[in-house]
Amino acid sequence: MQVRKQFPFASFEPVWQRHWLENSTFRAANPGEPGSEKPKYYALDMFPYPSGAGLHVGHPEGYTATDIVCRYKRMKGFNVLHPMGWDAFGLPAEQYAVQTGTHPRITTETNIANFRRQIQALGFSYDWSREINTTDPAYYKWTQWIFIQLYKKGLAYVSHAPVWYCPALGTVLANEEVLPTPEGPRSERGNHPVERRPLRQWMLKITAYAERLLNDLDQLDWPESLKEMQRNWIGRSEGAEVKFMVDSSDDVITVFTTRPDTLFGATYMVLSPEHPLVGKLTTPEQQAAVQKYKAEVANKSDLERTDLAKEKSGVFTGAYAINPVNEAKIPIWIADYVLMGYGTGAIMAVPAHDERDHEFASIYLLPIIEVVRPLIGHPEYVEGSETASAAAFTGPGIAVNSDLLNGLPTDEAKARMISWLEETGLGARRIQYKLRDWLFSRQRYWGEPFPVIWNGDQHEVLSESDLPLTLPELDDYKPSPEGLAPLAKAKEWLAVSEGRTRETNTMPQWAGSSWYYLRYCDPQNSHQLIDPAIEKYWMGEKGVDLYIGGAEHAVLHLLYARFWHKVLFDLGIVSTPEPFHKLVNQGIILGEDNRKMSKAWGNVVNPDDVIAEFGADSLRLFEMFMGPLEQMKPWSTSGTEGVYRFLGRVWRLIMEEDQEGHWHFAPAKVTDAAPSDDLQRSVHAAIQKVTHDIEKLQFNTAISALMILVNDLTKETVRPRAAIETLILLLAPFAPHMAEELWHQLGHPKTLAYEPWPVAEARYLVKSEVEIVFQVNGKVRGHVSVAPGSTKETVEPLAKALPAFAEWTAGKSIKKVIFVPDKLINFVVG
RNA sequence: GCCGGUGUGGUGAAAUGGCAGACACGACAGACUCAAAAUCUGUUAUACGCAAGUAUGUGGGGGUUCAAGUCCCUCCACCGGCACCA
């Protein structure tokens, strides 16, 4: 069925897309090139993983937002960097290769071609000469180069931490790919049993940057919620480490505590089951019980271990420790509520003032000693209370039963105890982070190979001149049964020389995306990651000026990229400590049924279909008109029709259709006469509103301002050219194809991409009269029209002359008159 | 449990403490048409009323103020994140 279109978008949209490409309209000038004398503006989209499914309508939301800003900034005289590329390493292409034998490179190339076609069909103003692809050896050469720098700075190291391994699938699984079942942990895919295996892994020491990653958040223009998520993830806490001697032994157990003031209340200790001292401490009588418990814990997934609902469990080791402050002999237990990965993997348990310790002590009947008394007036304060209550008191209070600390408030008691520990050498002030080092290796094929050579247990990195180290060709991409990465099969590639072999792991997908924004600045540089002068120009001062992407990357990607950036900053390669000055998360677009878009619900909207029916401009416009950018909102087909009709009205302002159905410019609809005062006010009000709203990324209200202007213009039978041209320029960032086409129809030979942005002039915005609200006791009872800027003395008599005034104030006296110039006059009566 | 966010017409949503519902969608009515589509015009928070109008109304309750969707306290619901981090 051929539905008649409101305007011939299908014929002019591709024409302009080709025009922009062929004329390199959006090429950004690097330093030294003409155009680079302008101030720079760098707007970045989170580059996509090119999946086989293609684009969905969620992708263009953020892309459209940045595109509007970029087109606007160009018209404001900025040299704009707006690039696009592909985060193309990743699992789906590799799994497809395992199944079909198709090289992931082939799959990736096909998918990229499709993504590029879809993105170009939306008319985004990307500088395609800067397109990058993380799987391109010319790109990952520099990812490997960064790894070498990390290695040389001692920020990359090898660990043998246990990871989940599935023998049936022949692969290592991520934590979230393992599910707890009644039969034990199973793989999410296939429900096969999985086990913990210690495998050789590369780690990056992101923890060395914890403090800076935390502190520098303050200077960023990011959503507060996102900064808070990163702060929580880094998880800084202040406290002390304390040394406990093991009774009748030379062994020392060091613990971390945030409450050194409660040391006198420590009645037992708990080690994580994986703690290295457990085997040595355990007495022969307890050996069997401890071994059994450790075995149970070893096969629990993290999910099970951290399930708060379950009752705490643990086993006594038979050994005792000496509390350094009072020489008390306290039992040492192991329990899985103490995690090896945090602090020292051991705690002093203070059941009176820690909920977890209290719960554990209640189950195993361990002593509870109160050492902090709530302040008088505190809800938990009990008059004359000497015994520990039924629940732990975790708040601040006054130290009791604590010798040198007695009577001190919690803050002072902490400080006092730390000084004492430092004087006696039994402990020290310590800052602890939740943040763990970054597990940086994967047992995959489709990733960056490590530029690392092994010689027995010794490792070294390749020389920089040997980069890139490219991936070898393989016959099949399955991991080996022993849990080795697929690269272990590339025997020739693997062997460097006698006894020296290559690393078989590859880097995770996060690697390529941790620095891609830098490469866009200087994408073809073969001898440097980025030229210093170019870096200074594009990344100087604030780095990326605007970064828009999904909130799902709130922590990992954005933390990893910030970490690498700081390392590069320390190396003098970049000139700012932070990569992304302003960051905005676009909201998720839901299906028309208000559910998350998914194949399972059958509510996925494909941009190709929307473009075929309404055109790219309509899609762009609707994505922005739906609501605030940051907000989650449902798709609506009728809403799309609404903005499509709006564009049709714009088109018909100056175009008309002939008998054959062809559209032509209609000179009779346009006049060179000056706009009326009313129209002039509409035009300048629109300029003001659209400009303001684009700056604040409030595109929905900017579009409604354009609609109001178009409604005003529609009412005129003949439209002043000046007004029409201003409208077209204001519309250009949102609906660039139509704007270019109409601009062209009006006789302009050149693209409008670099036309100066219209300026709102105050003299056109002043009204000849304003309507003042007349209120009695805060309720609207009428209106008075006066000249703008009228004083209270002018307005008050006018208001009093209103019939409504007498009606509503009859029999009452005026107590007060509130006057807000040009807004309202309010009579308070009683 | 903790942290963050959001609650406004039938729907998506607007609103520097100053006329709540801009702009759209949908619905209804009218114009054009043989008819329909498209387009154009008008109406459209709720209740009462023929109407002018009056009252009520921004998740619930309370407060500050001449004036509260907006500020404060409290409760509820939903969404997102974290979750034995000592």
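Heavy-atom basis, side chains included; hydrogens, waters and symmetry copies ignored. Sequence lines set the chain letters: A, B, ... in the order given, protein chains first and strands last, and positions in each chain run from 1.
Annotated stems with RNA chain B as a participant read B:1-7 with B:76-82, B:10-12 with B:23-25, B:26-31 with B:39-44, B:45-48 with B:53-56, B:59-63 with B:71-75, given as range with range, by first number; only runs of 3 or more Watson-Crick or G-U pairs under 3.5 Å qualify.
A close approach under 4.0 Å does occur between a side-chain nitrogen or oxygen of A/K816 and OP1 or OP2 of B/C66. For A/S237, a side-chain nitrogen or oxygen approaches OP1 or OP2 of B/A86 to under 4.0 Å.
Look at the C1' atom in both B/U74 and B/A27: the space between them is 40 Å, to the nearest Å. One C1' atom belongs to B/C28, the other to B/G9, and the distance between them is 16 Å to the nearest Å. Across the P atoms, B/U39 and B/G17 are found 39 Å apart, a figure rounded to whole Å. Going from the C1' atom of B/A14 to that of B/G63 covers 28 Å, rounded to whole Å. B/A51 and B/A36 are spaced 30 Å apart, taking the P atom of each and rounding to whole Å.
More than 12 heavy atoms of other residues, nucleotides or ligands sit less than 6.0 Å from atom CD of A/E552. Surrounding NZ of A/K596 are at most 12 heavy atoms belonging to other residues, nucleotides or ligands under 6.0 Å away.
With respect to A/R231 and A/E224, a salt bridge is recorded, a charged nitrogen being found less than 4.0 Å from a carboxylate O.
Taking only distance into account, the side chain of A/K815 never meets the base of B/C66 through a donor-acceptor pair shorter than 3.5 Å.
The aromatic rings of A/F9 and A/Y644 stand perpendicular to each other, their planes meeting at an angle above 60°, with 30° marking the opposite boundary.
Backbone-only contact: A/W808 has heavy atoms under 4.0 Å from sugar-phosphate atoms and none from a base. Among the atoms of the strands shown, none is found under 4.0 Å from any heavy atom of A/G343. Contacts of A/R436 with the nucleic acid, taken as non-hydrogen atoms under 4.0 Å apart, include base atoms. When heavy atoms are screened at a 4.0 angstrom cut-off, A/S638 is found touching the sugar-phosphate backbone but no base atom. Residue A/S704 is classed as a base contact, given a heavy-atom separation below 4.0 Å to a base.
Checking B/C23, B/C84, B/U54 against the side-chain heavy atoms of A/K312 singles out B/C84 as nearest. Listed nucleotides: B/A86, B/G26, B/U56. Nearest to the side chain of A/K779: B/U56. If you check B/A13, B/C84, B/A86 against the side chain of A/N700, the one that comes closest is B/A13. With B/A13, B/C84, B/A24 as the candidates, the nucleotide lying closest to the side chain of A/Y337 is B/C84. Looking at the side chain of A/E228, the nearest of the listed nucleotides B/C3, B/G12, B/A86 is B/C3. Among the nucleotides B/C84, B/A22, B/A86, the one closest to the side chain of A/D336 is B/C84.
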Side-chain polar contacts of residues 809-822 of chain A - donor-acceptor pairs under 3.5 angstrom, sequence neighbours left out - could you list them?
{"residue": "A/T809", "atom": "OG1", "partner": "A/F805", "partner atom": "O", "Å": "2.5"}
{"residue": "A/D822", "atom": "OD1", "partner": "A/G789", "partner atom": "N", "Å": "2.8"}
{"residue": "A/D822", "atom": "OD2", "partner": "A/G789", "partner atom": "N", "Å": "3.4"}

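Atom-to-atom distance recorded for A/L558:CG and A/W222:CH2 is 4.5 Å, nearest 0.5 angstrom. To the nearest 0.5 angstrom, A/F622 atom CZ is 15.5 Å from A/F734 atom CZ. Atom CG of residue A/L439 and atom CD1 of residue A/I206 lie 12.5 Å apart, to the nearest 0.5 angstrom.
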Between protein and nucleotides 32-45 of chain B, map the contacts as a letter string: B base, S sugar-phosphate only, - none, heavy atoms under 4.0 Å, written 5' to 3'. ------SSS-----
Once base and sugar-phosphate atoms are separated, protein heavy atoms under 4.0 Å mark nucleotides 16-21 of chain B, 5' to 3', with B, S and - as --BB--
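Against RNA chain B, the stretch residues 588-595 of chain A makes no heavy-atom approach under 4.0 Å.
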Please list, pair by pair, any protein nitrogen or oxygen found under 3.5 Å from a nitrogen or oxygen in nucleotides 27-29 of chain B.
none

